[in-house]
Structure formats: structure tokens, C-alpha cells
2 protein chains.
Amino acid sequence: MVTTQLKGASADDADLRRADSLAREIFSDVANKWAFLIIEMLGEGTLRFSELRNEVEGISHKMLTQNLRMLERNGLVERTVHPTVPPRVEYTLTEPGRALRATVDGMCVWTHRYLGHIETARRRFDT
Amino acid sequence: MVTTQLKGASADDADLRRADSLAREIFSDVANKWAFLIIEMLGEGTLRFSELRNEVEGISHKMLTQNLRMLERNGLVERTVHPTVPPRVEYTLTEPGRALRATVDGMCVWTHRYLGHIETARRRFDT
DNA sequence: CTGGATCCCCGGAGATACTG
DNA sequence: CAGTATCTCCGGGGATCCAG
């Protein structure tokens with residue numbers, strides 16, 4: 001990632017570049033509002049697709065599946081299918097997912113803390 | 001925001017809904033990869049437009065100005081213009097901005113910590 | 001150097017319909 | 001219910017040019 005400056009040890013800096021680009025890729029995937037909201041909603045629990053659809057305000061069917069796939073692919077959520085009929089699919093955060101949730105929580109707290117600041121900053125700016 | 005459930009005290013829940021929608025709006029603005037990268041690069045210091053352009057790998061002229069405006073509007077960065085010629089414009093994080101940087105940092109740490117997990121998760125998924 | 005404005009195009013994202 | 005596929009459309013975002 002951006003903070004990977006290790007000039008001296010050029011053991012194999014092709015590897016470093018690879019890790020860097022992978023990191024940026026992950027960043028692009030995950031630093032997105034829907035992913036954050038999904039992670040936040042999942043929290044410690046387990047939710048079904050339709051529950052997520054309801055809880056994550058304003059997300060479309062497509063965006064939800066898309067982001068869930070992405071999160072699953074990156075190993076942040078686990079998807080368990082109950083072979084019943086009608087099917088029941090549940091999503092849970094994995095350990096990496098829960099770890100990330102800590103920082104997402106941080107952002108939620110931050111948002112609430114600075115709502116006022118931001119609102120006034122906006123008013124000042126919009127003139 | 002999503003976590004604002006205060007059922008009992010309905011002093012004025014129109015206000016609550018307003019705060020909620022504002023929070024979601026802020027979330028949509030800020031939870032975006034470019035904003036995060038800019039905040040990360042600014043860190044404790046001060047950077048000029050062109051420096052940011054170089055440091056934030058792959059960002060276009062347009063995206064940079066756009067995000068800087070957005071961050072300025074929300075009061076996360078301060079923009080100081082030195083009336084020299086050629087002009088010199090510097091960007092710094094405000095206090096809210098620095099506060100948010102903590103969580104962005106958290107995400108960077110997280111990324112490095114789980115690079116391995118994620119890489120293997122991807123390989124398993126892509127089959 | 002900073003940053004608006006304009007043009008243009010590709011792909012993100014919604015709506016709909018269909019399978020298991 | 002969960003998920004994929006197809007079509008469509010609008011706007012995000014790049015490239016370029018101009019101004020202060």
C-alpha cells in the first residue's frame with residue numbers, strides 16, 4: 001500500500017510492487033460505501049440476503065449481490081447455503097471481516113461525532 | 001446513521017431522520033477510495049495540488065479536484081491559496097480530517113495484516 | 001501551477017424476466 | 001427466496017482545452 005516504502009532491502013522488489021498493487025486493489029474493492037454498510041449491518045451476527053436487502057437502506061438487488069460476491073471473494077464474509085426449499089442463504093463476517101468492522105465502526109462513530117462540524121462547514125462552503 | 005435507533009424519546013424524530021439522512025450522505029461522500037487515499041497521503045502534513053497528484057497513484061486531474069472540493073466542503077481539509085505567481089495551493093487536514101485519518105490508518109493496517117488471507121481467499125474463490 | 005469547462009464514451013447500476 | 005442474465009440508460013470519469 002501507499003505506506004510501503006522500504007528502500008534499502010531490495011531482496012525482491014518485484015514482490016513488493018505486487019503486494020502494493022494488490023493492496024491498492026483491495027482498497028478499491030473495500031473502501032466503498034456499500035461494502036462498509038454491509039459490514040456494519042452484519043456486525044457480530046448473521047443475516048439472510050433479504051434481511052440485508054431491507055437493512056441496508058437503499059441498496060439495490062444487484063448492488064447487494066455484487067458486493068456480497070466481492071466480499072466473499074476477498075474472504076470477508078462467509079456464505080452458507082441451507083439446502084431447504086425455499087433456499088435460505090446466510091451471511092456472516094469472517095475473522096478478517098470482523099477485524100475490518102472495527103475500523104468501519106470507527107467511521108460511524110466519527111460521523112456522529114462530527115455531524116455538527118460538517119453541517120456547518122457545508123453551510124459556510126455553499127455560499 | 002444506521003446505528004441511531006433511539007425509539008423512546010421521540011422529542012422530534014423529524015430531526016433524527018434528518019441527521020440520519022445527513023449521516024448517510026456523508027458516508028457516501030467520504031467512504032470512497034479516492035477520499036481515503038487523499039486523507040492518507042495528507043497525513044499530518046501539507047501538500048500542494050501537484051504533489052497530491054503525484055502521490056495519489058493513478059488519480060486523474062478531475063477526480064483529484066472533485067474530491068478535494070468535496071473534502072473541503074465537508075470541512076475535512078483546509079485549502080490555503082498563496083497569491084503568488086504561479087499560484088501555490090496547499091491542502092491540510094482539519095481536526096475532523098485528522099480524526100478520520102485514524103480510521104483510514106486502521107484500514108491500511110488492516111489491509112497489510114490480511115493481505116495473505118485475502119490473496120488465498122481469492123485464489124480459492126476463483127475456481 | 002491550479003482548476004474550471006466541455007466533449008465524449010464506457011461501464012456502473014437499475015429494471016425486468018427467468019431458473020433452481 | 002436467492003441468484004443470474006439481459007437490456008437499457010445515465011452519468012462517472014478521462015482527455016483536452018482554456019483562464020487566472
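Chain A is the first sequence line, chain B the second, and so forth, proteins listed ahead of strands; every chain is numbered from 1. Predicted, not measured: the structure shown is a model, and the values here were computed from it.
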Query raised in the report: Between the base of D:dG14 and the side chain of B:His61, is there a donor-acceptor distance below 3.5 Å?
Result: no

Which nucleotide sits closest to the side chain of [X]: [options]?
{"X": "A:Tyr91", "options": "D:dA2, C:dT2, D:dG13", "value": "D:dA2"}
{"X": "A:Thr65", "options": "D:dG20, C:dG3, D:dT4", "value": "D:dT4"}
{"X": "A:Arg48", "options": "C:dG3, D:dG20, D:dA2", "value": "D:dA2"}
{"X": "A:Lys62", "options": "D:dG14, D:dG3, D:dC7", "value": "D:dC7"}

Query raised in the report: Which distance, rounded to the nearest 0.5 Å, do you find between the CD1 of A:Ile38 and the CZ of A:Arg101?
Result: 14.5 Å

Report task. Return yes when atom CD of B:Glu57 has more than 12 non-hydrogen atoms of other residues, nucleotides or ligands closer than 6.0 Å, and no otherwise. Result -> no

Query raised in the report: Are more than 12 heavy atoms from other residues, nucleotides or ligands located less than 6.0 Å from atom CZ of A:Arg113?
Result: no

Report task. Consider only side-chain heavy atoms of I, L, V, M, F, W and Y, link residues closer than 4.5 Å, and tell whether A:Val85 and A:Phe49 are in one cluster. Result -> no

Report task. For A:Arg53, report the nucleic acid contact type (base, sugar-phosphate, nothing); a contact means any heavy atom under 4.0 Å. Result -> nothing

Query raised in the report: Does A:Ser60 place a side-chain N or O at less than 4.0 Å from the phosphate oxygens OP1/OP2 of C:dG14?
Result: yes

Report summary line: Rounded to whole Å, the CZ-C1' distance (A:Arg79 to D:dA2) equals 8 Å

